Amino acid sequence: MLVALKAEFRKLFTVRSTYILTGLAILFVIFFAFYIEGYHLSGKDLQNPNLYREDVVGALTSLPTVFGAIVAILLMTHEYRYTTIMYTLTSSNSRTKTLTAKFIAVSVYALVFTAVVGVLAPAMSYLGVHIHGSTLVPQTIDYHSIIWRGIFSGWSYIMAALALAVLIRNQIGAIVSLFAIPIAEQVLSLLLKNNSAYLPFTAQGVVLNPAPHGSTITHGSAAVVFSVYLVIAWIVAWVLFLKRDAN
Amino acid sequence: MIRSEHLTKHYRKKLAVNDLSFKVETGKVTGFLGPNGAGKSTTMRLMLGLDNGSGKTLFDDKPLHSYARPSQVIGILLEAKAFHPTRTARQHLRILADAGGIHLKRVDEVLDEVGLTDVAKKAPGKFSLGMSQRLGIAAALLGKPKYLMLDEPANGLDPEGIAWLREFLKNYADRGNGVFVSSHLLSEMSQMADNVVVIGRGKLIADTSMAELIKNSGHSGVLVRSPKASALERALHGTKAEVHKVPGGLRVAGLSTDEIGKLAFETGVPVYELSQQQASLEEAFLELTAGSEEFATKEVKK
């Protein structure tokens with residue numbers, strides 16, 4: 001198991017795409033938090049006591065986290081695209097060990113990524129405000145709430161992307177699905193109205209954002225809803241990974 | 001010994017591998033032959049557990065997954081370009097070493113062995129097919145495995161590379177290891193393989209030694225050139241010989257040159273040539289696989 005884990009980490013950190021996508025995510029956070037939400041702030045915006053919390057939410061529910069999710073997708077789909085899956089599977093005596101190693105490696109990456117992005121966003125905002133010489137009103141942050149919601153949101157989104165990659169195996173297909181499913185949910189929400197909060201990525205969004213208009217679902221309930229979808233997706237992905245031909 | 005028993009694989013309605021059983025002995029190179037689409041690659045994948053089908057393959061009487069370090073039991077090369085194109089050759093092998101529980105110093109050893117030390121830090125995306133094959137062979141050798149399974153390893157190799165591969169695989173087998181190799185280069189295979197497994201349309205056609213395969217070919221026998229070939233043919237009908245008319249004479253199977261010479265002398269038939277003819281592997285292969293090609297070509301019009 002440890003040898004498989006070592007190999008997965010080496011795979012993750014020996015391809016350019018990991019560095020490019022993670023770097024882009026960090027650059028986006030720096031630009032938006034430092035410049036737009038920090039240096040460029042003026043007047044009424046500086047009176048916002050929730051600015052830092054909004055920075056964390058913004059960073060973890062937008063493009064930067066998508067880049068992190070694509071890193072996870074590539075770790076899996078490169079195996080099929082470049083047929084290295086045959087080496088991966090014949091090096092190990094169990095497909096379960098192989099997938100567990102991938103799950104752990106991506107989980108660690110997701111947690112570190114979420115922590116970096118989540119901390120960097122308010123820090124950059126603070127830096128921007130202070131370099132500009134402005135004064136921000138004291139911030140009210142419920143650390144306990146924002147930490148668990150932030151970590152859950154970032155980690156679960158990236159793990160959902162990995163589950164899609166295990167299920168679909170095709171690089172383009174997995175990335176397109178990652179974008180298409182939330183869009184499909186938006187269309188479905190026209191029909192489901194208040195109940196749309198129980199759709200997977202809508203619920204995932206509610207963990208950090210307010211619930212859709214008219215819905216009373218709490219952040220905790222939304223996390224449970226998305227967890228259920230995630231567990232089901234992973235069970236199906238796991239079974240298929242064990243059963244399917246490796247091509 | 002690797003023993004495959006009753007390997008069967010369906011792709012929807014198509015039967016790709018049909019109840020295939022054969023063995024790969026240690027100390028020998030076993031060639032794996034079959035026309036395009038015969039199911040060679042699928043068979044190899046079934047043996048390794050990469051594809052799901054029925055039947056079993058035992059490596060020294062144990063399934064591959066019962067070994068803690070499978071890549072130290074069998075080294076594989078199923079596709080030449082099985083690597084990430086921008087990850088360096090050394091990093092590619094380091095990943096495989098990590099996954100197989102192999103010391104990283106083996107990476108540089110195998111790169112040296114296949115002659116890729118100079119490009120170890122280069123991304124293999126722009127490697128030629130021959131260089132890619134060498135990297136694949138390096139990957140297969142990484143765990144110093146007892147068995148090697150190579151699918152078309154000579155594809156894209158230059159003549160020097162092919163000669164190196166031939167000698168390398170023969171030496172590898174001579175050291176008590178088993179080598180299972182498929183190739184379309186039949187002349188190479190005839191120089192390299194001790195045993196052959198021939199399949200067509202997923203079914204076993206032959207599992208025998210190279211010598212037996214060639215000996216039993218209809219193209220092997222004694223060539224007799226004589227101005228009175230018909231008379232000799234009549235005389236041969238009373239014996240166990242199998243006689244075929246060929247341009248300029250007869251090809252006789254089942255009798256030695258001495259026996260035919262004696263019979264010709266006794267029947268007063270002059271003989272201009274009496275020589276033992278050995279079928280080539282290509283002739284034997286084409287004879288065995290006739291009608292079992294998945295993608296048969298049309299005869300070339302002259």
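Quick caveat: nothing in here was measured; it's all calculated off a predicted structure. Reminder, nothing fancy here: chain letters follow the sequence lines and each chain counts from 1.
- Put simply, OG on A:S91 and CD1 on B:I102 are 7.0 Å apart, with the number rounded to the nearest 0.5 Å.
- Residues A:T83 and B:K81 share a closest heavy-atom pair of OG1-O, 4.4 Å.
- The side-chain hydrogen bond (donor to acceptor under 3.5 Å, both in side chains) test with A:T14 is passed by exactly one of B:Q91, B:R90, B:R87: B:R87.
- Two residues are said to be in side-chain contact when any heavy atoms from C-beta on lie closer than 4.5 Å; B:H84 and A:V15 meet this criterion.
- Neither the backbone nor the side chain of B:A123 comes within contact range of chain A; no heavy atom of the residue lies under 4.5 Å from a heavy atom of that chain.
- Within a 6.0 Å radius of CZ in A:F9, other residues, nucleotides and ligands contribute more than 12 heavy atoms.
- Crowding of A:F67 atom CZ: a count of heavy atoms from other residues, nucleotides or ligands under 6.0 Å exceeding 12.
- Within a 6.0 Å sphere centred on CZ of A:R16, heavy atoms belonging to other residues, nucleotides or ligands number 12 at most.
- Listed for the A:N93 side chain is no donor-acceptor partner under 3.5 Å among the backbone atoms of B:S66.
- Side-chain contact between B:R69 and A:V3: present, with at least one pair of heavy atoms (C-beta onward) separated by less than 4.5 Å.
- The CE atom of B:M44 lies 11.0 Å from the CE atom of A:M86; values are rounded to the nearest 0.5 Å.
- Each of B:D51, B:T42, B:L46 was checked for a side-chain contact (heavy atoms from CB on, under 4.5 Å) with A:D245, and the lone residue meeting it is B:D51.
- For the atom pair CG (B:L64) and CG (A:L89), the distance works out to 11.0 Å, reported to the nearest 0.5 Å.
- At a 4.5 Å heavy-atom cutoff, A:R81 makes no contact with chain B through either its backbone or its side chain.
- The shortest heavy-atom contact between B:F83 and A:Y82 is O-CB, 3.4 Å.
- At least one donor-acceptor pair under 3.5 Å links the side chain of B:R45 to the backbone N or O of A:A246.
- Within the 4.5 angstrom heavy-atom criterion, only backbone atoms of A:S92 (N, CA, C, O) approach chain B.
- The local environment of NZ in A:K6 is sparse, with at most 12 non-hydrogen atoms from other residues, nucleotides or ligands closer than 6.0 Å.
- Taking 4.5 Å as the limit, some side-chain heavy atom of B:H92 sits within range of a side-chain heavy atom of A:Y87.
- Atoms OG1 and CE, from A:T90 and B:M47 in turn, are 13.0 Å apart once rounded to the nearest 0.5 Å.
- Of the listed residues (B:S71, B:A99, B:G53), the one with the most heavy-atom contacts under 4.5 Å to chain A is B:A99.
- Contact annotation for A:L74: neither backbone nor side-chain heavy atoms come within less than 4.5 Å of a heavy atom of chain B.
- Within 6.0 Å of the CG atom in B:D158, the count of heavy atoms belonging to other residues, nucleotides or ligands exceeds 12.
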